[in-house]
Every structure is written in structure tokens, then in C-alpha cells.
Amino acid sequence: MGAVTVQLPDGATREFEEGTTASQFAESIGPRLAKAAVAATFDGAEVDLDTPLRDGAQVSVITADSEAGRAVLRHSTAHVLAQAVLRLWPGAHFAIGPVIEDGFYYDFELPGGVHFSDDDLERIDAAMREIMAEDQPFVRHEHSIEEGLSIFGDQPFKREIIEAVEAGHEEVDAAAEGAGAAQVSTYWNSPTFTDLCRGPHVPSTSHLGHFALMRVAGAYWRGDEKRQQLQRIYGTAWESEKALAVHLDRLAEAERRDHRRLGAELDLFSFPEEIGSGLPVFHPKGGTVRRLMEDYSRQRHEAAGYEFVYTPHITKAELFETSGHLDWFAEGMFPPMELDGGQEYYLKPMNCPFHILIFKSHQRSYRELPMRLFEFGSVYRYEKSGVVHGLTRVRGMTQDDAHIFCTRDQMAHELHSTLTFVLSLLRDFGLDDFFLELSTRPEEKAVGSVEDWDEATEALRTAATAMDLELVIDEGGGAFYGPKISVQARDAIGRTHQMSTMQLDFQEPQRFGMEYIGADNGRHQPVMIHRALFGSVERFFAILLEHYAGAMPTWLSPEQVRVLAVKDEHAAYAHKVADRLRAVGARVSVDPADEHLKARIRKAKVMKIPYILVVGDDDVHAGTVGVNRRGSNQPERGVELMTFTDTLEDEIAGRRIPESPS
RNA sequence: GCCUGGGUAGCUCAGUCGGUAGAGCAACGCACUCGUAAUGCGUAGGUCAGGAGUUCGAUUCUCCUCCCAGGCUCCA
């Protein structure tokens, strides 16, 4: 017997008998490690635990509680899912079953065009647990392309994956599925189930079990809307029952924070069916929040040198022909209405052409630049019926839209100051965890020269780099007219949302023949920067609502204080307190003693009102209030009214953000 | 647009193997006047999303439309 020497993650080397597997290696280090092991890496490449150690390799063990380990668990669980489905629906075809964030899915085509129903998930779940109880091994085999095609003779999707690789297409995706240029790898679980897969997998199905099937959905084969639609099952899997429970709790928390739910509960907005899909109405409370957001934004924009404009909601087709929207964006627009003997009018999906016309209303001088035109512009976009979602994806929305027209020399400075302005405004609303994304030229849909695109992209990159934030490149994600930077924000529960966008545009100025007279007395074309900070007011509203779980900072709360009289006889004092607070600009209501105090407290708490003031005999005599703060169940008695008023006024004026939004 | 599931009182939901419906909360009324997260009793409230078909009879079965949810595709 020979010996092999391997290097441990800490740099130490150890010698093993030839033929020692990764699993035995883990055991030699410690029983706990061996128990948690799901796979290993040799020189960085993931392998199964039964793989013999390779001489000279750097070896490390992948444990179930690591990201890589969970990916192995999820991948293996996906295999069991496929096996269970084949057990329940003999003759089913299975396509791909990758790991995704927090889980996995597997796509199927059932015989006879049958579809999964929600009830089927229970049956499949039970079958999966049977397979896990059977402790079936995952046995890896390597095959030639021909053997692979033969093994999956009755599995058209698997054959297609193998054939695609053979033909030299899509190596990356297929490699993940186990098909390589010269060979394919499979995992055998039982005489009735073998799957194409790169691996690695857990040694046997009994290593799995902390999983849940989440939902069934349709999904196009290869993500192509023109190809057949398969049946997808989503699941999640974790290293322990506890980790699974934590994940499910997180989902439940996200559901509690869902803005659609909060919108109804807090009486902020609704989507009347009579109006149509994706067309929200804001109720008085939601309207108050929205107005405060808009007012503050206006105030900041005015201070930052923006000028305010107003433009109509519809326009002749010609405007969007000139801008190129009808060439590039027609499917996102509502169909035209025909007026005045054949003249076509469109609802506007964007505000930019209107602002351009304001610029063009008379001859401009370089002395007027940069010109920053701002509008809360309502736009209408025909979103496909299946994509409309609460306030975040609507068919009618208001953008806090502005267009900056400047010279090429001013461009860098404008981009820098705009980005600084954006971040400052978002921070005032309580978002402070950002990263930036730079979206570059889309291959298919782009107008203008590559040189212009390169210059614009570099200008954006420079501005982004100066912000000292993480920068992610989104290759090909730009708009048809120019590259963009978007600000992504992480919310209170760690989700990221695309917030503001800043786009550079050399195209529209050209299409519209925009020009200004320069210091040299010559005609020049201005550069245009499109930017929206909230993105859409509706969407920003939704993100804030979820970020704060409905408990908006006091300055944005529709009702800031509710005064409760302990008994009828305290009503006059309660109104006096309310009047004093109103005098400093607070939004206050009085709840008379028609119901028991506890019931009124509860109602106010449920509405997430920042301050509940209870006033009774003691307060009437001493000129005080009982203060019950949101987020606390320990009221403070006997607070001087003056003291409370000052604190509140200060909090509102300072637009203070609660320490930990919840 | 496609797939799956759904739409019953203002909200959350139960129910009807085809004989036009029920609870809790909310609303309203009465009593209780109370010091920090649900007082009790009572009243009212529904073309069972809309339309068409089958049927003696449809909220229930069939078809179409609208709307919602989760995905897919899309996301300027």
C-alpha cells in the first residue's frame, strides 16, 4: 500500500494510506467534523466524500452549515424530489434541478400533460421522506456522451442538455447539470433512478430531511417564453430543523411586513377593482404620508438647484417617434387613442421628451447650464397582466423625475453631486445601507455609437467609484439610450431594493436636435442626465412601509399623537393638550372615553401611532400627560406637557429615524 | 402573456355531494366612566367577483371576462 500526502486548510500536511476517502479524512480529524461533512474540496474543486484522497492536494471538508454545504444538501434534496415525482408519476420527464438562494427547484413535464396541484406537494413530500428513510446511496458514474444519451433515452430534456454540450453550446449551464465536453456524470440512487449531475452529493439520502416543499409554478423550458412550459416545484432545505424553522420564520416576517397587507391594515391605500389592475388609490392616511414624502423631496430639490415643471399626461405619437420610445418601448405603452380625425395620442410612459421640449422652447445659452428640471410626473406603462404587484409594479405611477441638461465639461461634476444628493436624501428617509450597480450597454437594444456609450459608462463609473460604496457591474442592463447607475438599498430585514437610477443620455439630445450657444458663440449639444431618486413614489412608499414594518418615523406618520381621556370629565383637558400639540404642527387626534381605556390603547397600538397620551385626574391637576411610546409597553406617567411638546417638536423637525425600525 | 391556486359581510375565513348562507373582528345602538394592548348585550350588513350556459332550481356544475396571490417571461 502506498501513501498519499495532503495539505489541510491550516497549511499542515498529513499522510494517509492510499485509498483513504475524504470521509475517512474528516473522521481522522474529528467525529464532529465527520458528522457534519457533506462533501469535500480537493484543490478547490468539490468532490463527494467517498472520493479517495489525491496525493499533494489541498483538502478541506464541506460541512452542512456552510453556504457550500447547504448547496450540496439542496442539490441532493432536489434529486430526491425528482425521484419522488418519478415514483408517483411514472413516465414523467425531468429537466433541471438547480440550487437557488435559500433552496432549490426542479422542473418536470408530467405524462399526458398533467399538472401538479397544491395537494400534490403533500404526496411528493411524503414520498421524499420515504426515499430518505430508505437511505439510498448517491453513486457517481462517468460516461461517454453516447452512453449518456443512451441512459437518458426516455428523458428528452436530459438528452437535450447533453446534446447542447456536444454541439458546443451553453457549456456553463450544462456543466452544472453534469454534462461536459467529453463526458457526462451521473448519480445513481436506485435501480429506478439516475440523474445527470455534476455533484457533489451527500453520501446517501438519509443525510437529508430538513426540507420543505414551498410551491408549484409554471416555468418555461430554458427560460424561453416561446418554448414549452414545465411544472416547477420550489423547495428549501437546511442543515437542521432549527435552521429550517429560522428560514420559515423569516418568510413569515416578510409576510407580516408586506406593504399590501400593511396598506390595508393601516388604511393607507387600495386597488379598487373598478379602476383596474395596477392602479392604486391613496386614502387620507396614505395620502398624508405621500404628501410628506413629496414635500420633503421638493424642499431638498429646490435647495439643490432644481426648477419645477409640469407636463401633460398624453401627447401626440410624434413625440415618442422622435424620442425613439415607439421603436424601443412600444410594448410597454398603452395603445394609442385616435383623436381629431386620425391623430394618435399616447399616454406617456416617461417624462423626458416633455422636459426636452421645455429646454427647446427657446434658444439656450451655456450660461443657463446646468439646467435641472424636476417634476413629480405621472406615467402610465402597460405592464403585462402577470407582473403587476402591489405598489412596486403598477400601471400608473408618479416618478420624482428630473432631467439635467449640461455641457460635457459639467457632466462629471453633475453626476458626482447628483449621486451625493441621492444618498443624502435616502438617508433622511432612514435607508443607509447601500451599494451601487452600473448597468452597461445592452447588446440587443441600444441606440448610438459604441464610443458614446463607452464615454458615458466611464463617466458613471468615475462618479460611482467616488462614493466609496460597493460597486456591482450589471453587464448589458442599461436602457436603450444610455448606461445607468442604480442605488440599491438593503432594508431592515436584509432585502435589497433598486432605488434611485441615474442615466446618462447622449441620444435624446441628438434625436431632438437640442443645442445651446457656447461661450465660443458656436452651437453645441447638451448632455442629458435622467434621474429619479425614489424611482416611483409608489414603489418608494412600499419599500419604506416594509422597511419600517408600518411604523413610519414620527415625521412621516399620518397620525403622530392620539390623546386618550381616562374619563369623560377629562375630555376638555385632552382637547387642550391636542390643541397645544397642533400648535407646533403635530397631527393629533383625541379619543373620547366611549370605550374602555385598554381597548383604546390597543386600537392606537395596532394603528402604530408613535405616541399615545393618556390623561386623567392627576394630569389635569398637574398639567402633565402619560406618555405611551410606540415600541414600548412601559408608559411614562406625569410628563410635563411642555416637555413632551418640546421633545415631539424636536423629533419631527429633526426628521428623526427610530434606532431600530420594527 | 403563460402555469398553478384563489375571489363568500368592511377585514380574516367557514360552508353549500345543486334547494339563494355562517363565525370572529370591524361598524352602528344601549349599558359600563374605566390610569396603559380587546367590557357586556343588542342591531344591521351579502345579486356568494361579473356575464352566459346546463337545470324545475346555480353561490355550488360548465364556459367566458375581470381581479388577486405565487412563479415563469418581462422590468424602460
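As the structure is a prediction and not an experimental result, all values here were calculated from the model. Worth knowing before you read on, the calculation uses all heavy atoms, side chains too, and leaves out hydrogens, waters and symmetry mates. Protein chains get the first letters and strands the later ones, always in sequence-line order, with residue 1 at the start of each.
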**Student:** In terms of side-chain heavy atoms of A/Glu273, which of B/C67, B/U36, B/U4 is nearest?
**Tutor:**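 When the side chain of A/Glu273 is considered, B/C67 is the closest of B/C67, B/U36, B/U4.
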
**Student:** Please tell me which of the listed nucleotides, B/C67, B/G35, B/A27, lies nearest to the side chain of A/Ser277?
**Tutor:**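 Comparing B/C67, B/G35, B/A27 against the side chain of A/Ser277, the answer is B/C67.
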
**Student:** Look at the side chain of A/Tyr234 and decide which nucleotide, out of B/U39, B/U36, B/G71, has an atom nearest to it.
**Tutor:**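 Between B/U39, B/U36, B/G71, the one nearest the side chain of A/Tyr234 would be B/G71.
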
**Student:** Heavy atoms from C-beta onward define the side chain here; which of B/C34, B/G35, B/A37 lies closest to that of A/His596?
**Tutor:**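 Output: B/C34.
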
**Student:** Give a yes or no on whether a salt bridge exists between A/Glu253 and A/Arg250, defined as a side-chain N under 4.0 angstrom from a carboxylate O.
**Tutor:**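 Salt bridge: no.
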
**Student:** Do A/Arg232 and A/Tyr105 meet the cation-pi criteria used here (NZ or CZ under 6.0 Å from the six-membered ring centre, within 45° of the axis)?
**Tutor:**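 Verdict for A/Tyr105: a cation-pi partner in A/Arg232.
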
**Student:** Using purine N1 to pyrimidine N3 plus N6-O4 or O6-N4 for Watson-Crick, or N1-O2 and O6-N3 for G-U wobble, each under 3.5 Å, what pairs with B/U33?
**Tutor:**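 For B/U33, the partner nucleotide comes out as none, under the 3.5 Å rule.
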
**Student:** Does A/Glu383 reach a base, just sugar-phosphate, or nothing at all? Heavy atoms under 4.0 Å.
**Tutor:**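 A/Glu383: base contact, heavy atoms under 4.0 Å.
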
**Student:** Take a 6.0 Å sphere around NZ of A/Lys605 and say whether it holds more than 12 heavy atoms from other residues, nucleotides or ligands.
**Tutor:**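 More than 12 heavy atoms, drawn from other residues, nucleotides or ligands, come within 6.0 Å of this atom.
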
**Student:** Tell me which nucleotide among B/C2, B/C72, B/U73 gets nearest to the side chain of A/Gln229.
**Tutor:**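 Minimum distance to the A/Gln229 side chain belongs to B/C2.
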
**Student:** Using side-chain heavy atoms (C-beta onward) and a distance below 4.5 Å, is A/Phe541 in contact with A/Leu268?
**Tutor:**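 In short, these two side chains touch, coming nearer than 4.5 Å.
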
**Student:** Counting heavy atoms from C-beta on, name the nucleotide in B/G71, B/A37, B/C68 closest to the side chain of A/Val388.
**Tutor:**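 Within the option list, the nearest is B/C68.
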
**Student:** Return the pairing partner of B/G18 with a 3.5 Å limit on both distances, Watson-Crick or G-U wobble; otherwise return none.
**Tutor:**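 Here B/G18 is not engaged in any pair, so there is no nucleotide opposite it.
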
**Student:** Within the 4.0 Å heavy-atom criterion, would you say A/Gln634 contacts the bases, only the backbone, or no part of the nucleic acid?
**Tutor:**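 Result for A/Gln634 = nothing.
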
**Student:** Checking A/Arg395 side chain against A/Glu383 main chain: does a donor-acceptor pair fall under 3.5 Å?
**Tutor:**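 Here the side-chain-to-backbone pair exists.
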
**Student:** Touch check for A/Ala599, heavy atoms < 4.0 angstrom, all strands: base, sugar-phosphate only, or nothing?
**Tutor:**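 It contacts sugar-phosphate atoms only.
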
**Student:** Counting only Watson-Crick or G-U wobble pairs whose two distances fall under 3.5 Å, which nucleotide matches B/A52?
**Tutor:**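 Across all strands, the one nucleotide that pairs with B/A52 is B/U62.
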
**Student:** Look at the side chain of A/Val566 and decide which nucleotide, out of B/U4, B/U39, B/C34, has an atom nearest to it.
**Tutor:**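 The nucleotide sitting nearest to the side chain is B/C34.
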
**Student:** Between A/Gly386 and A/Met397, name the one whose nearest nucleotide on RNA chain B is closer to the 5' end.
**Tutor:**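 Closer to the 5' end of RNA chain B: A/Gly386.
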
**Student:** Applying the Watson-Crick and G-U wobble criteria at under 3.5 Å, what pairs with B/G57? Answer none if nothing qualifies.
**Tutor:**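 Matched B/G57 with nothing under the 3.5 Å cut-off.
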
**Student:** Write down the partner of B/G24 under the Watson-Crick or G-U wobble criteria, each distance required to be under 3.5 Å.
**Tutor:**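 Pair assignment: B/G24 / B/C11.
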
**Student:** What is the pairing partner of B/A69, taking Watson-Crick or G-U wobble pairs with both distances under 3.5 Å in any strand?
**Tutor:**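 Per the H-bond distance test, B/U4.
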
**Student:** By nearest atom, which of the nucleotides B/U33, B/A37, B/G1 is closest to the A/Lys567 side chain?
**Tutor:**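 Within the option list, the nearest is B/U33.
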
**Student:** Can you identify which nucleotide, out of B/C3, B/C34, B/G35, has its nearest atom closest to the A/Asp619 side chain?
**Tutor:**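 Nearest to the side-chain atoms of A/Asp619, counting from C-beta on, is B/G35.
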
**Student:** Hey, does the side chain of A/His389 come within less than 4.0 Å of B/G70's phosphate (OP1/OP2), counting only N and O?
**Tutor:**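 So the side chain of A/His389 is within the cut-off, an N or O lying under 4.0 Å from OP1 or OP2 of B/G70.
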
**Student:** Among the candidates B/C74, B/U36, B/A69, find the nucleotide nearest to the side-chain atoms of A/Arg260.
**Tutor:**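 The answer is B/A69, which lies nearest to the side chain.
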
